[in-house]
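Worksheet: the structure to be examined is printed underneath.
Lettering of chains follows the sequences in order, A, B, ..., and the numbering in each one begins at 1.
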Number of protein chains: 2
Amino acid sequence: MTRDQLHPDLDQISMAQVLHGFADPARLHMVKTMYELGECQCSLVYADLGLSKSNASHHFRVLRESGILRRSQRGSQQYAALRAEELEQRFPGLLASVLSNIDVAEPDRSAPRTQ
Amino acid sequence: MTRDQLHPDLDQISMAQVLHGFADPARLHMVKTMYELGECQCSLVYADLGLSKSNASHHFRVLRESGILRRSQRGSQQYAALRAEELEQRFPGLLASVLSNIDVAEPDRSAPRTQ
DNA sequence: CATCGGGTTCAACGGTCGTTGAACCGTACA
DNA sequence: TGTACGGTTCAACGACCGTTGAACCCGATG
């Protein structure tokens with residue numbers, strides 16, 4: 001059976017909050033992975049990111065508290081999945097546009113910063 | 001004539017950066033105002049937000065450095081405008097979905113926090 | 001000249017963020 | 001029983017964020 005953790009009602013989440021949840025390169029990568037894999041084991045989500053366990057746990061918490069993903073436990077394993085339908089209902093089109101732009105070419109970091 | 005300030009090339013802006021630029025209630029409000037008014041005087045953008053001058057200037061800087069708006073000076077007045085077309089080209093659909101969700105009902109802050 | 005208006009800059013503050021490492025927890029398996 | 005695995009929690013750290021108030025800048029206007 002699925003035993004849920006603490007997840008906010010999406011009606012309690014503001015636009016600024018969910019945008020903050022997305023606004024990190026590691027978390028964007030995790031979102032992309034979950035989109036591609038569907039519900040999957042947590043360790044798969046950050047496998048190729050080089051995050052420490054505690055750091056990954058932190059980002060999972062931010063994503064969960066932003067309403068972006070749902071975690072559940074089945075047997076001895078934890079799973080994670082995007083709350084895609086709920087997000088679509090609360091913020092129509094937002095997840096889709098974030099997903100479709102995650103792979104946009106990263107800027108050239110060797111160039112000098114502005115200002 | 002239009003004299004520009006320091007604005008990053010949008011190719012230098014990452015998805016995470018622009019999302020961070022949007023991820024603040026005051027800045028979302030400013031974005032909405034600029035969308036409704038088009039290019040307009042800066043003071044109009046934060047008129048009904050209760051921001052101090054220096055705080056507004058700070059948020060203008062964040063929005064500018066995130067590539068979200070362009071500032072210009074004509075005569076003695078400063079103007080601000082969304083970089084809508086450039087954003088659309090770099091992150092297709094993103095600005096539109098943010099704009100269309102800014103007015104989503106704010107969550108009920110009287111409810112207890114999760115965790 | 002002075003002064004006003006619209007913005008910027010600066011230092012300072014309290015709070016939060018991302019990251020780390022170590023300790024811990026629960027389940028599974030030897 | 002022990003021990004390994006997958007995660008969480010905690011304290012700590014340096015960095016950054018949002019906000020404030022005061023000082024400053026500069027073009028326009030008296």
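At distances below 3.5 Å, at least one donor-acceptor pair connects side-chain atoms of A:T33 with backbone N or O atoms of A:H29.
If you find the closest nucleotide of DNA chain C to B:Y79 and to A:A23, the one lying nearer the 5' end belongs to B:Y79. Mapped onto DNA chain C by nearest heavy atom, A:H20 and A:K53 fall at different nucleotides, with A:H20 at the one closer to the 5' end.
With hydrogens and angles ignored, no donor-acceptor pair under 3.5 angstrom links the side chain of B:S43 to the base of C:dG6. Judged by distance alone with a 3.5 Å cut-off, a donor-acceptor contact links the side chain of B:S54 to the base of D:dG21.
Taking atom CZ of residue A:R61 and atom P of nucleotide D:dT8, one finds them 10 Å apart after rounding to whole Å.
Dashed line: the shortest gap from a side-chain N or O of B:H59 to OP1 or OP2 of D:dT19 is under 4.0 Å. Proximity of A:R71 to the phosphate of D:dT8: a side-chain N or O atom is located under 4.0 Å from OP1 or OP2. Regarding contacts with the backbone of C:dG18, a side-chain N or O of A:R27 is found under 4.0 angstrom from either OP1 or OP2. In this structure, B:N55 does not reach the D:dG18 phosphate: none of its side-chain N or O atoms is under 4.0 Å from OP1 or OP2.
A salt bridge does not link B:R90 with B:E86: none of the charged nitrogens is closer than 4.0 Å to a carboxylate oxygen.
Defined by atom type and a distance below 3.5 Å, a donor-acceptor pair is missing between the side-chain atoms of A:S43 and A:Q78.
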